[in-house]
Novice: 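Below: one structure in structure tokens.
A quick note: this is a predicted structure, and the numbers were derived from the prediction, not measured.
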Amino acid sequence: MFRPLPVAIGLRYLRAKRRNGFISFISMASILGIALGVTVLITTLAVMSGFQKEIRDRLLQMSAHATVSADGAPMSNWQHAIEVAMKDPRVAGAAPYIEIQGMLSGPRVQGAIVQGIDPAQEPKVSVIGEKMKKGELASLQAGEFNILLGQELALWLGVEVGDSVVATLAEIQGTPMGGLPRTKRFKVSGIFEAGYNEIDRGVAFVNLQDLERVLRMDGVTGVRLKLHDMDQSYAVARDLALNLDGFYRVSDWTQQNANLYHSLRMEKTVMGILLSLIIAMGAFNLVSSQVMLVTDKQADIAILRTLGLTPGGVMQVFMVQGTLIGVFGTLAGVLGGITLTFNLERILGLIERVFDTKLLPEDVYYITGLPTDMQTGDVVVITLVALLMSFLATLYPAWRAARTQPAEALRYE
């Protein structure tokens with residue numbers, strides 16, 4: 001098989017036993033450094049992606065992927081909007097909702113978002129029926145004025161199923177005594193636990209028709225959509241708004257939870273940049289080993305130059321060898337990262353058993369264990385970054401080798 005001469009010589013140097021054992025040690029250290037950096041980076045980003053996916057799923061399982069609402073007025077044609085939405089193959093479900101800020105009063109007082117939902121259609125866009133700890137979603141019957149509270153909210157209010165709470169809503173009604181907020185007494189018919197603190201402590205659900213009667217609304221706040229692919233949420237909601245007559249406000253889950261969404265992405269990006277320094281350290285060791293190798297091979301370089309090898313060919317010899325060291329380290333790191341990620345739960349369990357401790361106790365963290373989500377794109381980017389750093393690390397030693405003068409190198413040989 002034909003191979004260019006610089007490649008053949010570089011491979012020969014890679015297989016040859018070096019007279020200076022310290023150079024071999026530095027080369028092995030650079031391989032291990034690159035492998036360790038790639039392994040840690042892959043595993044860390046997989047864990048961060050897992051936490052991000054877990055938090056996102058817990059948040060979106062109780063809320064919509066996208067919403068379409070009338071601009072400053074109730075949406076009266078919401079039935080038609082749902083019919084239009086369900087004709088889109090990208091939409092998995094649609095349901096109307098009313099949302100308003102309120103103050104709930106029991107033995108204690110706590111502010112919360114009061115949402116009016118249709119218990120028959122709500123399971124199409126959320127899993128609140130599956131998250132009930134006490135009571136049932138079906139208890140939200142029209143005319144009974146029942147309310148569902150999050151577990152943290154019920155605990156803070158000091159109420160249980162069967163107790164009553166007074167909802168003071170952020171809607172002013174005109175009376176002979178002046179403007180007063182609308183108030184209504186609701187009976188607690190169920191308690192849910194979504195596993196996300198902002199929902200468990202800050203959201204309450206009532207029947208859609210009951211809230212319409214209290215607010216004296218002719219319509220709903222908007223329509224919530226659940227999609228097969230949440231990454232298309234904004235495009236689907238925009239298309240629905242364009243197909244309806246009038247002005248509508250479109251928002252998706254990335255806008256409704258912008259702070260959380262962008263903070264998670266920023267944390268993952270910053271962590272990736274910081275852990276890339278481990279790979280850079282391994283590449284720096286590669287520079288050291290290659291510089292020492294060039295010094296050790298001065299006589300060989302001079303002989304190759306005398307036989308007609310060009311300075312560019314000399315550069316290619318050492319670039320091939322250094323790049324292959326980086327390739328070996330990167331491949332070892334990718335295999336190590338994938339293996340470590342897939343066995344992380346077992347390792348966590350082993351540590352807990354050996355030290356008789358609970359690293360992620362259920363009474364402290366909503367998320368227990370170490371959820372992982374290894375994304376192919378992350379692995380590819382990490383691999384390319386490691387290979388690029390390894391290649392760049394070979395340029396200076398190869399350039400020094402190309403500047404070797406045969407007469408000076410062979411003077412004392």
Novice: How long is the gap from CD1 on I34 to CZ on F284, to the nearest 0.5 Å?
Specialist: 13.0 Å
Novice: Heavy atoms only: give me the nearest P119-N207 pair and the separation to one decimal.
Specialist: CD-ND2, 3.6 Å
Novice: For I191 and M132, what are the C-alpha separation, side-chain angles and deciding distance, and is it a side-chain contact (heavy atoms from CB on, under 4.5 Å)?
Specialist: CA-CA 6 Å; I191 295 175; M132 299 300 300; 5.9 Å; no
Novice: Taking CD in Q232 as the centre, count heavy atoms belonging to other residues, nucleotides or ligands within less than 6.0 Å. Is the count above 12?
Specialist: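 More than 12 heavy atoms, drawn from other residues, nucleotides or ligands, come within 6.0 Å of this atom.
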Novice: For Q209, I'd like to know if atom CD has over 12 heavy atoms of other residues, nucleotides or ligands within 6.0 Å.
Specialist: no
Novice: If you look at every heavy atom in A85 and A94, which pair is closest and at what distance?
Specialist: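 Result for this residue pair: CB-CB, 4.3 Å.
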Novice: Please identify each residue that fulfils salt bridge (charged side-chain N to carboxylate O under 4.0 Å, His left out) with K133, with sequence neighbours left out.
Specialist: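 Expected list: E193.
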Novice: Quick one about S69 and T221 (side-chain donor to acceptor, distance below 3.5 Å, no hydrogens or angles considered), yes or no?
Specialist: no
Novice: Answer whether the closest heavy-atom distance between the side chains of L153 and L157 falls below 4.5 Å.
Specialist: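 A side-chain contact under 4.5 Å exists here.
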Novice: Taking side chain as C-beta onward, heavy atoms only, is V91 less than 4.5 Å from L227?
Specialist: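 Yes. Closest side-chain heavy atoms under 4.5 Å.
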Novice: Indicate the atoms forming the closest heavy-atom contact of A46 with T341, along with that distance.
Specialist: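 Answer, listing the atom of A46 first, then T341: CB-CG2, 3.7 Å.
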Novice: Please answer whether the main-chain N or O of G333 pairs with a side-chain N or O of T39 as donor and acceptor at a distance below 3.5 Å.
Specialist: yes
Novice: How long is the gap from OG1 on T383 to CD1 on I42, to the nearest 0.5 Å?
Specialist: 5.5 Å
Novice: Does D200 reach the main-chain N or O of A194 with its side chain, forming a donor-acceptor pair under 3.5 Å?
Specialist: yes
Novice: Kindly indicate, with the supporting measurements, whether the criterion side-chain contact (heavy atoms from CB on, under 4.5 Å) is fulfilled by L104 and L149.
Specialist: CA-CA 10 Å; L104 302 182; L149 302 177; 3.9 Å; yes
Novice: Do any pairs count as a salt bridge (Lys or Arg N to Asp or Glu O under 4.0 Å) and have a residue in residues 101-130, sequence neighbours left out, and if so which ones?
Specialist: E122-R224
Novice: Any side-chain heavy atom of L340 within less than 4.5 Å of one from L344?
Specialist: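 SC-SC contact between L340 and L344 confirmed.
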Novice: Run the side-chain hydrogen bond (donor to acceptor under 3.5 Å, both in side chains) test against S189 and tell me which residues pass, sequence neighbours left out.
Specialist: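 Partners of S189 under the side-chain hydrogen bond (donor to acceptor under 3.5 Å, both in side chains) test: S139.
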Novice: Can you see which heavy atom on T67 is nearest to which on A237, and at what distance?
Specialist: O-CB, 4.3 Å
Novice: Find the distance between CE (M281) and OG (S30) and round it off to the nearest 0.5 Å.
Specialist: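 It comes to 11.5 Å.
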Novice: Are any side-chain N or O atoms of Q121 and backbone N or O atoms of P96, one a donor and one an acceptor, separated by less than 3.5 Å?
Specialist: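 Answer holds: no.
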Novice: Using side chain to side chain contact (heavy atoms under 4.5 Å, CB included) as the criterion, point out the one residue from L331, T330, L392 that pairs with L387.
Specialist: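 Considering L331, T330, L392, a side chain to side chain contact (heavy atoms under 4.5 Å, CB included) with L387 is found only for T330.
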Novice: Heavy atoms only: give me the nearest G37-I278 pair and the separation to one decimal.
Specialist: CA-CG2, 3.3 Å
Novice: Ignoring hydrogens and geometry, is there a side-chain-to-backbone donor-acceptor pair from D163 to E160 under 3.5 Å?
Specialist: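 Yes; at least one donor-acceptor contact below 3.5 Å.
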Novice: Would you name the heavy atoms of Q290 and F318 that are closest together and state the gap between them?
Specialist: NE2-O, 3.2 Å
Novice: Using a 4.5 Å cut-off on heavy atoms from C-beta on, say whether the side chain of F342 contacts that of I338.
Specialist: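 A side-chain contact under 4.5 Å exists here.
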Novice: Atom CG in L140, atom CZ in F205: separation rounded to 0.5 Å?
Specialist: 9.5 Å
Novice: Looking at L137, V127, I199, which hits side chain to side chain contact (heavy atoms under 4.5 Å, CB included) with F192?
Specialist: I199
Novice: Are any non-hydrogen side-chain atoms of V47 and T372 less than 4.5 angstrom apart?
Specialist: yes
Novice: Using a 4.5 Å cut-off on heavy atoms from C-beta on, say whether the side chain of S276 contacts that of L41.
Specialist: yes
Novice: Answer yes or no: are there more than 12 heavy-atom neighbours, outside Q141 itself, under 6.0 Å from its atom CD?
Specialist: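 Count over threshold, so yes.
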Novice: How far does CG of L348 sit from CG of N343, to the nearest 0.5 angstrom?
Specialist: 12.5 Å
Novice: Just by modelled atom types, is the F391 backbone N or O under 3.5 Å from a matching donor or acceptor in the T394 side chain?
Specialist: yes
Novice: With sequence neighbours left out, which residue pairs that include part of residues 380-394 fulfil the salt bridge (Lys or Arg N to Asp or Glu O under 4.0 Å) condition?
Specialist: none
Novice: Using atom types as modelled and distance alone, determine if a side-chain donor or acceptor of W253 lies under 3.5 Å from a backbone N or O of M230.
Specialist: yes
Novice: Do H65 and L225 pass the side-chain contact (heavy atoms from CB on, under 4.5 Å) test, and can you show the C-alpha distance, the side-chain angles, and the key distance before you say yes or no?
Specialist: CA-CA 6 Å; H65 293 163; L225 305 177; 5.8 Å; no
Novice: Return each pair, listed once, that meets salt bridge (Lys or Arg N to Asp or Glu O under 4.0 Å) where at least one residue sits in residues 73-89; pairs must be two or more places apart or across chains.
Specialist: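 Checked against salt bridge (Lys or Arg N to Asp or Glu O under 4.0 Å) - neighbours excluded - the pairs reaching residues 73-89 are D88-R90.
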Novice: Measuring from M48:CE to L275:CG, what's the distance to the nearest 0.5 Å?
Specialist: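 Those atoms lie 9.0 Å apart.
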Novice: List in chain and number order the residues that pass salt bridge (charged side-chain N to carboxylate O under 4.0 Å, His left out) with K268, two or more places apart in sequence or in another chain; answer none if no residue qualifies.
Specialist: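 Checked K268 against salt bridge (charged side-chain N to carboxylate O under 4.0 Å, His left out); matches are D378.
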Novice: side-chain contact (heavy atoms from CB on, under 4.5 Å) between K134 and V188: does it pass, once the steps are laid out?
Specialist: CA-CA 10 Å; K134 299 178 182 179; V188 179; over 6 Å; no
Novice: So do the side chains of L169 and K184 get within less than 4.5 Å of each other, counting heavy atoms only?
Specialist: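 No - every pair of side-chain heavy atoms lies 4.5 Å or more apart.
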